[in-house]
Novice: 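Questions regarding the structure given below will be posed in turn.
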2 protein chains.
Amino acid sequence: MRTSELAGRVGVNSETLRYYERRGLLDEPPRSSGGYRDYPDSAVELLRFVKRAQGLGFTLDEVEELLHLDTGGPDDCDAARALAESRKADLEARIADLQRMRDSLAELIATCDLPRSGRRCPLLATIATPQPRRSSRRRR
Amino acid sequence: MRTSELAGRVGVNSETLRYYERRGLLDEPPRSSGGYRDYPDSAVELLRFVKRAQGLGFTLDEVEELLHLDTGGPDDCDAARALAESRKADLEARIADLQRMRDSLAELIATCDLPRSGRRCPLLATIATPQPRRSSRRRR
DNA sequence: GTCGTCCCTGTACCTGCCTACAGGGTCAAG
DNA sequence: CTTGACCCTGTAGGCAGGTACAGGGACGAC
């Protein structure tokens, strides 16, 4: 499968594929006689994984780690496990944060149903309390 | 309170405060006779809100919306409510995604306890399925 | 009054993640 | 055998979110 077909199927720009290859996220695919990239079918699934993990807040560097973790096989398992557990802890914390945020928003929405008088905003109060915990994420 | 004190208390760079002011996220504080910014105590809480919301995946533009939503008072309530509800829906979806991701990781970690034979990685399979749903986020 | 430390404004630069050329080759259709 | 759609490499640009000067003023301690 050629670059634009893969890109089209996954919904990314062709340039993005070359960019991923350049930064080492995707392996270089074999080339046709004319020098065109010829991706295997599995590249579709792989790329969907990348885009989805990214949508979940992982950086491309982290996605790369996840991929290695995924394809490393039994022998990498102990190192991979540590990585997976630390990512899992990140996720737990992140989920808890988002749940609190969501609850705050729900509370805020509920105050909209009150009579015009007794309104105040719970959002600021609930969010402003704890400090960020892991500076490595959030770039973005 | 002066710039560096506020920055220090919240754990951000002083330049970041000026940057936020420039982009309209923070109101211009009053100035001392010598032209120095003099922030009120409430700025600490406000900034913590900003950094925290940001850590939860909101962009600075979204944070600004949230702040307006927060301080808008009763009359903005209907518009604010719509905004809050759409953000809440975003959060729900995001939480569900992250939970699936976490469960996949947990499953992966569990395979590490299996005998060396029957291992395969559930991560790729579980994540690669659905497509991103909202392209407006994802900056970062 | 002159250090040293802080503050000011303005502009330039950096990282992550793309996206867009420029300049040129491949290839199938007509 | 030329035209058009695609592909290649390489380099530059763009946006978000900061961060880092440069050049100069404000102030308290001595």
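In what follows, every chain begins at residue 1, and chains take the letters A, B, ... in the order their sequences are listed. Computation of the quantities below employed the complete heavy-atom set of this structure, encompassing side-chain atoms and omitting hydrogens, waters and symmetry-equivalent molecules. None of the values given here were measured: they were computed from a predicted structure.
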Novice: In whole angstrom, give the distance that lies between atom CD of A:E64 and atom P of C:dG16.
Specialist: 12 Å
Novice: Taking only side-chain nitrogens and oxygens of A:T3, does any of them come within less than 4.0 Å of OP1 or OP2 of D:dC8?
Specialist: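 For A:T3, the contact criterion (side-chain N or O under 4.0 Å from OP1 or OP2 of D:dC8) is met.
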Novice: For DNA chain C, whose closest nucleotide is more 5', that of B:R22 or that of B:D38?
Specialist: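 The residue mapped nearer the 5' terminus is B:D38.
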Novice: Could you tell me whether the side chain of B:T59 reaches within less than 4.5 Å of the side chain of B:E62, counting heavy atoms only?
Specialist: yes
Novice: What nitrogen or oxygen pairs link the protein and nucleotides 21-24 of chain D at under 3.5 Å?
Specialist:
from   : atom 1 : to    : atom 2 : distance (Å)
D:dC21 : N4     : B:E15 : OE2    : 3.0

Novice: If you look at every heavy atom in B:L66 and A:M101, which pair is closest and at what distance?
Specialist: CD1-CE, 3.9 Å
Novice: Go through the N and O atoms of the side chain of B:Y20 and the base of D:dG18, and report whether any donor-acceptor pair is under 3.5 Å.
Specialist: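 Such a pair does not exist between side chain and base.
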Novice: With a 4.0 Å limit, can you tell me whether B:K51 has a side-chain N or O closer than that to the phosphate oxygens OP1/OP2 of D:dG17?
Specialist: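 Answer no for this pair, as no side-chain N or O of B:K51 is under 4.0 Å from OP1 or OP2.
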Novice: Quick one: on DNA chain D, does B:L60 or B:R2 contact a more 5' nucleotide (nearest heavy atom)?
Specialist: B:L60
Novice: Take A:N13 and A:G34, find for each the nucleotide of DNA chain C with the closest heavy atom, and name the residue whose nucleotide sits nearer the 5' end.
Specialist: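 The residue mapped nearer the 5' terminus is A:N13.
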Novice: Would you check, one step at a time, whether the test side-chain contact (heavy atoms from CB on, under 4.5 Å) holds for B:E15 with B:R18?
Specialist: CA-CA 5 Å; B:E15 309 275 13; B:R18 294 192 264 272; 3.9 Å; yes
Novice: On the nucleotide D:dA16, are OP1 or OP2 found under 4.0 Å from the side-chain N or O atoms that B:Q54 carries?
Specialist: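 Checking B:Q54 against D:dA16: no side-chain N or O falls below 4.0 Å of OP1 or OP2.
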Novice: From CG of A:D61 over to P of C:dC17, roughly how many Å is that when rounded to an integer?
Specialist: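 Going from CG in A:D61 over to P in C:dC17 covers 6 Å.
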Novice: Scan for side chain to side chain donor-acceptor pair (under 3.5 Å) pairs involving residues 28-39 of chain B, sequence neighbours excluded, and state none if there are none.
Specialist: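 Sorted pair list: B:E21-B:R37.
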Novice: I'd like to know whether B:Y19 forms a side-chain contact (heavy atoms from CB on, under 4.5 Å) with B:L25, so could you lay out the CA-CA distance, the side-chain angles of the two residues, the decisive distance to 0.1 Å, and finally the verdict.
Specialist: CA-CA 9 Å; B:Y19 168 66; B:L25 183 57; over 6 Å; no
Novice: Rounded to the Å, how far apart are A:R31 CZ and D:dC6 C1'?
Specialist: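 In whole Å, D:dC6 C1' and A:R31 CZ are 14 Å from each other.
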Novice: Run the salt-bridge test on A:D97 and A:R94 with the 4.0 Å N-O cut-off and return the result as yes or no.
Specialist: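 Looking at A:R94 together with A:D97, the answer is no, because their closest N to O distance does not fall below 4.0 Å.
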Novice: Does D:dG17 have OP1 or OP2 under 4.0 Å away from a side-chain N or O of B:T16?
Specialist: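 Negative; the distance criterion is not met.
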Novice: Under 4.0 Å between a side-chain N/O of A:S33 and OP1 or OP2 of C:dC27, yes or no?
Specialist: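 Answer is yes, contact under 4.0 Å.
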Novice: Kindly determine whether B:F58 and B:E65 satisfy side-chain contact (heavy atoms from CB on, under 4.5 Å), including the steps that lead there.
Specialist: CA-CA 10 Å; B:F58 289 91; B:E65 282 182 316; over 6 Å; no
Novice: Is there a donor and acceptor pair closer than 3.5 Å between the side chain of A:Y19 and the base of C:dG16?
Specialist: no
Novice: For the pair made of OH in A:Y39 and P in D:dC7, what is the distance, rounded to whole Å?
Specialist: 10 Å
Novice: Between P on D:dG18 and CG on B:L17, what's the gap in Å once rounded to a whole number?
Specialist: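 Rounding to the nearest Å, CG of B:L17 and P of D:dG18 are 11 Å apart.
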Novice: Ignoring backbone atoms, establish whether A:R37 has a side-chain N or O less than 4.0 Å from OP1 or OP2 of D:dC7.
Specialist: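 Indeed not, no polar side-chain atom of A:R37 lies that close.
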Novice: Over how many whole Å does the gap from B:R23 atom CZ to D:dC15 atom C1' extend?
Specialist: 11 Å
Novice: Per the side chain to side chain contact (heavy atoms under 4.5 Å, CB included) rule, which among B:D41, B:L26, B:D27 passes with B:L46?
Specialist: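 Exactly one candidate clears the test, B:L26.
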Novice: Taking the minimum atom-to-atom distance to the side chain of B:Y36, which one of D:dG18, C:dC7, D:dT9 wins?
Specialist: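 Among the listed nucleotides, the one closest to the side chain of B:Y36 is C:dC7.
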Novice: Can you check the B:M1 CE to C:dC7 C1' distance for me, whole Å?
Specialist: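 From B:M1 CE to C:dC7 C1': 16 Å.
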Novice: Roughly how many Å is it from CD in B:E28 to P in C:dC7, rounded to a whole number?
Specialist: 18 Å
Novice: Strictly below 4.0 Å: does B:S4 bring a side-chain N or O up to OP1 or OP2 of C:dC7?
Specialist: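 Yes, B:S4 has a side-chain N/O under 4.0 Å of OP1/OP2 on C:dC7.
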